[in-house]
Amino acid sequence: MTRSERRLDLLITVCAVSAGVHAALTPEHLREGTGPGAGFALATALLALAVALLTVRPYSAAAIAGSAILLLGLIVSYAAATTTGLPVVHPEREQIEVVGAATKLIEAAGVVAAALLLRPAATRSVTLVRASELA
Amino acid sequence: MTRRRPIPLALSALIAVFSALTALALSHSHAGHAHHSGGATIGHVR
C-alpha cells in the first residue's frame, strides 16, 4: 500500500468517525435548540457525502479539498463555540469535553492527510500512476 | 501498477456506527457522573 492510499483511507475513516459522532450527538443538540441541532444534522449529512464521494471518486482533488474544508470548518466552529459561542447556531459558550476534543483531534489528522494528498508531489505521483495504468 | 480501491463504503458505515456508539457511551457516562456529583462537573454534555 502506498502512502497516498494510506492517507486516502485515513481521510475517509476520519470523515466516517466524525459523521458517526455528529449523528449520535444530533438529538441532544436538537433538544438544546433548532440551531445547534440543525448544525449537527447538516455536518452529519455533509460528512456522509464526503465519505461517499471519496469512495466513489478516490483521488479526486475536488473531493479531497472539499473534505478538508469541511473538517477545517468543523474544527473552527468548535473552537468558536467553546470560546465565544457561534452566532445563531450556538450562541451560548460550549464547555470543552472529551468527546468533542477527541473528535477535533481526529478531524485535524484528516485535514493533514488531505493536505498531504493535495501536495503537488502527491498529485504528480498520482498522475504518473494513472499514466502507467493507461500505458 | 494498479491503484488499490479505497476502503469500502460498508466498512466506512461500520466505522461511523461504532463511533456513534462510542460517542453516546462517553457522553452518557459523563452525564451520569454530572448527575451523581450534584452538577459539580464542567458544564453540560454535548
Side-chain angles (χ1 to χ4, degrees), chain A residues 1-2 4-29 31-32 36 40 44 47-48 50-52 54-59 78 81-82 90 92-103 106 125-126 128-133 135, chain B:
Chain A
M1 193 192 298
T2 65
S4 292
E5 288 167 347
R6 276 198 302 269
R7 284 166 187 160
L8 184 68
D9 283 350
L10 175 66
L11 180 57
I12 294 172
T13 304
V14 165
C15 289
V17 167
S18 185
V21 172
H22 281 86
L25 300 181
T26 296
E28 205 170 300
H29 281 78
R31 284 193 290 275
E32 278 179 32
F40 267 69
T44 304
L47 287 161
V51 170
L54 289 167
T55 305
V56 174
R57 293 183 180 276
Y59 307 103
Y78 183 73
T82 51
H90 206 291
E92 297 113 39
R93 218 180 119 198
E94 180 95 16
Q95 295 293 328
I96 296 174
E97 39 65 48
V98 69
V99 177
T103 308
I106 292 167
S125 111
V126 169
L128 285 172
V129 169
R130 291 241 166 101
S132 71
E133 282 172 4
Chain B
M1 182 176 161
T2 309
R3 284 213 145 215
R4 191 182 61 89
R5 299 290 301 167
I7 60 170
L9 213 48
L11 183 57
S12 302
L14 201 62
I15 291 167
V17 169
F18 273 107
S19 305
L21 292 173
T22 307
L24 283 175
L26 283 174
S27 67
H28 284 169
S29 72
H30 188 205
H33 185 256
H35 179 73
H36 288 297
S37 61
T41 64
I42 48 162
H44 68 284
V45 178
R46 293 183 77 200

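Predicted model, so just to flag it, every value in this text is computed and none were measured. All heavy atoms count here, side chains included; hydrogens, waters and symmetry mates do not. Here is how names work: the chains are called A, B, and so on, in the same order as the sequence lines, proteins then strands, and each is numbered from 1.
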Engineer: Heavy atoms, side chains only, cut-off 4.5 Å: are Pro6(B) and Glu5(A) in contact?
Structural biologist: no

Engineer: If every non-hydrogen atom of Ser12(B) is compared with every non-hydrogen atom of Ala16(A), which pair is closest and at what distance?
Structural biologist: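 Reported closest heavy-atom pair: O-CB, 3.5 Å.
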
Engineer: Check the surroundings of atom CZ in Arg6(A): do more than 12 heavy atoms from other residues, nucleotides or ligands lie under 6.0 Å from it?
Structural biologist: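 More than 12 heavy atoms, drawn from other residues, nucleotides or ligands, come within 6.0 Å of this atom.
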
Engineer: Pick one of side chain, backbone, both or neither for Leu11(A), based on which atoms fall under 4.5 Å of a heavy atom in chain B.
Structural biologist: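 When you check distances to chain B, no heavy atom of Leu11(A) falls under 4.5 Å.
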
Engineer: Atom CD1 of Ile15(B) and atom CD1 of Ile12(A): how far apart are they, to the nearest 0.5 Å?
Structural biologist: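 Between Ile15(B) CD1 and Ile12(A) CD1, I get 9.0 Å after rounding to 0.5 Å.
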
Engineer: For the residue pair Ala20(B) and Ala24(A), what are the closest heavy atoms and their distance?
Structural biologist: O-CB, 3.4 Å

Engineer: Quick one: pull up CZ in Arg5(B) and CG in Leu8(A) and give me the separation to the nearest 0.5 Å.
Structural biologist: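 So the gap between those two atoms works out to 9.5 Å.
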
Engineer: Could you go through Leu9(B) and Val51(A), starting from their C-alpha distance and side-chain angles, then the distance that decides it, and tell me whether this counts as side-chain contact (heavy atoms from CB on, under 4.5 Å)?
Structural biologist: CA-CA 8 Å; Leu9(B) 213 48; Val51(A) 170; 3.9 Å; yes

Engineer: Measure the shortest side-chain to side-chain distance between Thr13(A) and Ile7(B) over non-hydrogen atoms and say whether it is less than 4.5 angstrom.
Structural biologist: yes

